[in-house]
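Below is one structure; the comments refer to it alone.
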2 protein chains.
Amino acid sequence: MPNQVLDKRQAARVNIGESLGMKGSRKVVNITRLRQACRTCSLVELCLPMGLTSDDIQQLESIVKVKGPLEKGAHLFREGDSFQAIFAVRTGALKTYSLDADGREHVLGFHLPGELLGFDAIYPRYNRCSAMALADTSVCVLPFNQLADLAQKVSGLQATILRLMSKNLSISANLATDHTAEERLAGFLLSIAQRTGEGSELRLVMPRRDIASYLRLATETVSRLLARFQQEELLEVHRKRVRLIDLDGLRDLGGSFEIADRTRQRSGYQ
Amino acid sequence: MPNQVLDKRQAARVNIGESLGMKGSRKVVNITRLRQACRTCSLVELCLPMGLTSDDIQQLESIVKVKGPLEKGAHLFREGDSFQAIFAVRTGALKTYSLDADGREHVLGFHLPGELLGFDAIYPRYNRCSAMALADTSVCVLPFNQLADLAQKVSGLQATILRLMSKNLSISANLATDHTAEERLAGFLLSIAQRTGEGSELRLVMPRRDIASYLRLATETVSRLLARFQQEELLEVHRKRVRLIDLDGLRDLGGSFEIADRTRQRSGYQ
DNA sequence: CCATGAAGTTGATCCATGTCAACACCAATA
DNA sequence: TATTGGTGTTGACATGGATCAACTTCATGG
């Protein structure tokens with residue numbers, strides 16, 4: 001079973017290990033880990049897309065482990081945990097969030113297959129947010145110390161990490177800037193469409209509450225806006241299913257949160 | 001004149017080169033550049049604070065150049081410029097901003113002495129924002145390719161860069177989360193106080209308009225809130241001069257944008 | 001020293017979005 | 001199939017902060 005070829009659909013069916021963390025349990029999930037075969041993984045060009053040679057990737061492989069599946073609602077890590085690793089999502093999806101002084105949850109980002117998370121914990125050396133699975137999810141684990149050591153040797157890897165972190169900076173800066181509710185939601189939908197690569201038919205893994213929290217809106221506002229977008233024939237919604245009809249119309253609204261790059265690439269975070 | 005000892009006050013008086021870019025001019029400023037003596041610069045522990053040996057710093061010195069002074073209102077770089085270097089502020093201050101589709105300015109960050117800027121341009125390979133001097137300003141230039149090559153050799157430098165970028169991630173994520181006007185302004189004031197190290201007497205280099213834009217508020221709201229804070233005896237304001245009186249009171253409001261670190265450190269961005 | 005314009009303040013009003021409340025829908029389970 | 005609880009939708013109302021407008025203060029140059 002190790003070193004097998006995995007594409008998104010296959011991986012979704014992989015079921016290693018026994019039952020895992022339960023919803024909301026504080027218990028840290030202990031899971032069977034496999035060596036990962038990055039060379040044959042269909043996600044490499046997503047998670048570490050920037051010009052690694054197959055030799056570089058082989059070296060990377062030696063430090064990467066697979067972890068999962070994580071049940072929907074289980075935590076990958078918690079706010080305050082000491083920082084150990086960067087994670088790459090293989091299947092499923094995660095949200096990262098933190099709790100404010102009043103105990104209210106603020107969603108900081110969504111992490112879809114091929115995307116990395118955990119970079120914000122490097123500096124303070126502990127996780128500044130929690131990460132919870134939005135569906136059954138498996139991830140690759142990249143132990144940070146080993147990753148950093150490897151990046152010291154493999155210049156392509158160092159460059160890749162710097163670019164990914166830089167990209168994440170742009171994404172949060174963009175979200176931080178001032179936009180109306182309409183603009184943020186349109187931008188969000190476009191970004192999800194772009195990241196899932198599903199074209200215009202998309203499935204929102206996360207509940208309205210999380211979308212709202214991420215976009216700093218009330219769930220009711222998200223609901224109403226989706227209804228309005230539908231009425232204006234920009235899209236069709238039914239619960240988690242969304243079909244984007246008028247992409248240009250949405251782009252006009254949202255300016256889209258996409259980040260133009262002068263090289264051709266795809267991947268992301270949040 | 002090169003390799004002189006510079007502390008903040010001395011450096012502020014250094015006046016190399018002739019007249020520079022005029023307010024708002026599109027022309028790129030061409031300025032005399034000096035080699036920088038990082039070893040004797042009082043800002044090293046601010047701009048690159050994380051455990052570099054004096055040998056590491058000497059290597060760094062070989063690629064760093066000083067640029068300035070930049071007149072108030074002059075640009076260090078413009079949105080769309082190709083990415084060449086990371087900058088460290090020596091004296092003065094900068095704001096980074098971008099223009100939206102309607103030509104309105106959005107301030108993305110303020111950059112005070114000892115802080116670095118430019119990391120967000122690594123990924124897309126061009127500047128995603130413009131940087132303008134808020135006062136007469138001089139900076140150190142760290143050519144990125146050389147910096148990356150050096151980080152490949154000097155592991156302490158790679159680690160430092162990763163941590164700084166990670167920290168910036170946390171900062172923008174924090175700003176992106178939902179806060180009331182009151183919370184954001186209180187947090188902002190505390191962050192400025194912390195970063196300037198001036199204690200409770202601080203001088204806001206940036207005009208109200210820029211503070212408002214950064215915090216996604218109207219200038220009138222900033223004005224009114226400052227008036228209210230003063231009335232509630234949290235602080236005293238007179239134009240650009242602010243004296244923080246009740247730090248704890250402000251922290252209660254703002255939660256402060258500070259980022260706790262498990263090592264002892266100071267420095268930042270934005 | 002005054003004139004001028006930019007920066008900041010203050011007041012009156014408006015509106016986008018939040019909040020509260022009731023209801024509808026769907027998925028899971030018995 | 002009926003029950004139930006979570007998730008999503010819709011309506012009525014409240015409000016924080018934006019907008020518009022008038023005025024004050026300060027810095028600057030003639």
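Only a predicted model underlies this, so the values are computations on that prediction, with no experimental measurement involved. A, B, ... follow the sequence lines: proteins, then strands. Residue 1 opens every chain.
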Quiz item: DNA chain D: A:Leu226 or B:Ala181, which has the more 5' nearest nucleotide?
Solution: A:Leu226

Self-check item: Rounded distance in Å - CG (A:Leu225) to P (D:dG8)
Solution: 15 Å

Practice problem: Identify whether the distance between the nearest side-chain nitrogen and carboxylate oxygen of B:Asp210 and B:Lys95 falls below 4.0 Å. | Solution: yes

Quiz item: Between A:Asp178 and B:His106, is a side-chain hydrogen bond (donor to acceptor under 3.5 Å, both in side chains) present by the stated rule, with each step listed?
Solution: CA-CA 8 Å; A:Asp178 200 10; B:His106 294 268; 5.2 Å; no

Quiz item: Roughly, in whole Å, what's the span from CD1 in A:Ile211 to P in D:dG8?
Solution: 8 Å

Practice problem: Check A:Glu105 against A:Tyr97 and note the closest heavy-atom contact, atom names and distance. | Solution: CG-CD1, 3.5 Å

Quiz item: Which whole-number value in Å describes the distance from B:Arg208 CZ to C:dT10 P?
Solution: 11 Å

Quiz item: Got a salt bridge between A:Asp248 and A:Arg251, using NZ or NE/NH1/NH2 to carboxylate O under 4.0 Å?
Solution: yes

Quiz item: Roughly how many Å is it from CG in B:Asp210 to P in C:dA6, rounded to a whole number?
Solution: 16 Å

Practice problem: Look at all strands and tell whether B:Thr180 reaches a base, only sugar-phosphate, or nothing, counting heavy atoms closer than 4.0 Å. | Solution: sugar-phosphate

Exercise. State whether B:Lys240 places a side-chain N or O below 4.0 Å from either non-bridging phosphate oxygen (OP1 or OP2) of C:dG8.
Key: yes

Practice problem: Compare side-chain N and O positions of A:Ser223 against OP1 and OP2 of D:dG8 and report whether any pair is under 4.0 Å apart. | Solution: no

Practice problem: Give the nucleotide from the list D:dT9, C:dT10, D:dT10 with an atom nearest to the side chain of A:Glu220. | Solution: D:dT10

Practice problem: Using a cut-off of strictly less than 4.0 Å, decide whether A:Arg224 has a side-chain nitrogen or oxygen near OP1 or OP2 of D:dT9. | Solution: no

Quiz prompt | Contact under 4.0 Å: B:Arg209 side-chain N or O vs C:dA7 OP1/OP2 | solution = yes

Quiz item: Hey, is the side chain of A:Arg239 poking within less than 4.0 Å of OP1 or OP2 on C:dC26, counting only N and O atoms?
Solution: no

Quiz prompt | Between D:dA18 (P) and B:Arg104 (CZ): distance, integer Å | solution = 13 Å

Quiz prompt | Atom pair distance, as rounded to whole Å: CZ in B:Arg216 and P in D:dT19 | solution = 14 Å

Quiz item: Between atom CG in B:Leu204 and atom P in C:dG8, what is the gap in whole Å?
Solution: 9 Å

Quiz item: Taking atom C1' of C:dT10 as reference, at what distance in whole Å does atom CZ of B:Arg228 sit?
Solution: 15 Å

Quiz item: For A:Thr221 and C:dG18, is the shortest distance between a side-chain N/O and OP1 or OP2 below 4.0 Å?
Solution: yes

Exercise. Please determine if a side-chain N or O atom of B:His238 lies less than 4.0 Å away from the OP1 or OP2 oxygen of C:dG8.
Key: no

Quiz item: Is it true that A:Phe77 and A:Phe87 have ring centroids separated by less than 6.0 Å?
Solution: yes

